[in-house]
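Step one of this worksheet: look at the structure below.
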Amino acid sequence: MPRGKVFAPFSIVFRSAFMNYPTWTNNLESSFLDSDPSAVDKRPLVLSDPSAVDKRPLVLAVDDNHDNLELLTQILDLFGCECMGAADGYAAISAAVDRPPDLIVLDICLPDIDGLEVVKRIQQNPDLRHIPVVAVTALAKAEDRDRILKAGCVEYISKPFNIKDLEIIIRQHINSQMFLVEF
């Protein structure tokens, strides 16, 4: 039986006393970011449309800090992704096996097995090895970055991260049109 906590897919439902989250009704006005700043798509992304949700890329977010996980999943939701969350390495592996995501956003410092071991185990599974893993971590030294990328992560971003930088990295590794709310 798998250990750890797995959070079912969800969208913007959490609230934190420390953050002011945007509120909206059924339409989220957003703009498509492209390398050409003049190419802006002003179509609303309708989050309540079930067919739109079914087409969203699935991202597994892994972080042992609940507030960080909550923030990350909300940001991914704003990017147009469906999110699953896991609070430790074993739960992340279990969630990926049960429902393979299109991308994994992974903290490296986890309480049970570290993120590098998670990456190793994912790469050993033939059904999961194709999934890109993006490290989002507080480890910020150059040698940490090199070690993380050498372990098999396709990208590395250190905390605290810039939301637009995270979106660019995620868009590079998911084959879908993504949206960003202007902050």
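The figures here come from the full heavy-atom set of this structure, side chains too, leaving out hydrogens, waters and symmetry mates.
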Is the closest basic N to carboxylate O distance between Glu143 and Lys150 below 4.0 Å?
no
Do the side chains of Lys159 and Asp63 get close enough for a salt bridge, i.e. N-O under 4.0 angstrom?
yes
Got a second to check how far [X]'s [atom1] is from [Y]'s [atom2], nearest 0.5 Å?
X	Y	atom1	atom2	answer
Cys83	Glu70	SG	CD	12.0 Å
Glu117	Asp112	CD	CG	10.0 Å
Ile75	Ile170	CD1	CD1	8.5 Å
Arg121	Leu116	CZ	CG	12.5 Å
Ile131	Asn125	CD1	CG	8.0 Å
Ser158	Lys141	OG	NZ	13.5 Å

Looking at every non-hydrogen atom in both residues, tell me the closest pair between [X] and [Y] and how far apart they are.
X	Y	result
Leu69	Ala61	CD1-O, 3.4 Å
Lys164	Asn162	N-OD1, 2.8 Å
Leu110	Gly89	CD1-N, 3.8 Å
Val118	Ile93	CG1-CG1, 4.1 Å
Ala96	Pro101	CA-CD, 3.9 Å
Ala151	Gln123	O-OE1, 3.4 Å

Examine distances only and state if a side-chain atom of Asp102 and a backbone atom of Leu58 form a donor-acceptor pair shorter than 3.5 Å.
yes
Sub-3.5 Å donor-acceptor pair from the side chain of Ser94 to the main-chain atoms of Tyr90, do we have one?
no
With side chain to side chain contact (heavy atoms under 4.5 Å, CB included) as the criterion, how do Leu106 and Val134 come out once you've worked through the C-alpha distance, each side chain's angles and the decisive distance to 0.1 Å?
CA-CA 6 Å; Leu106 177 69; Val134 174; over 6 Å; no
State, yes or no, whether a side-chain contact exists between [X] and [Y] at a heavy-atom distance under 4.5 Å.
X	Y	result
Leu103	Val59	yes
Asp107	Val62	no
Pro100	Leu128	yes
Thr137	Asp144	no

I'd like to know whether Arg56 forms a side chain to side chain contact (heavy atoms under 4.5 Å, CB included) with Phe79, so could you lay out the CA-CA distance, the side-chain angles of the two residues, the decisive distance to 0.1 Å, and finally the verdict.
CA-CA 10 Å; Arg56 299 188 313 162; Phe79 291 168; over 6 Å; no
Walk me through whether Val133 and Val154 qualify under side chain to side chain contact (heavy atoms under 4.5 Å, CB included).
CA-CA 6 Å; Val133 179; Val154 295; 5.7 Å; no
Any chance you could lay out the side chain to side chain contact (heavy atoms under 4.5 Å, CB included) test for Arg129 and Ile122, step after step, and finish with the verdict?
CA-CA 6 Å; Arg129 71 170 50 132; Ile122 286 170; 5.7 Å; no
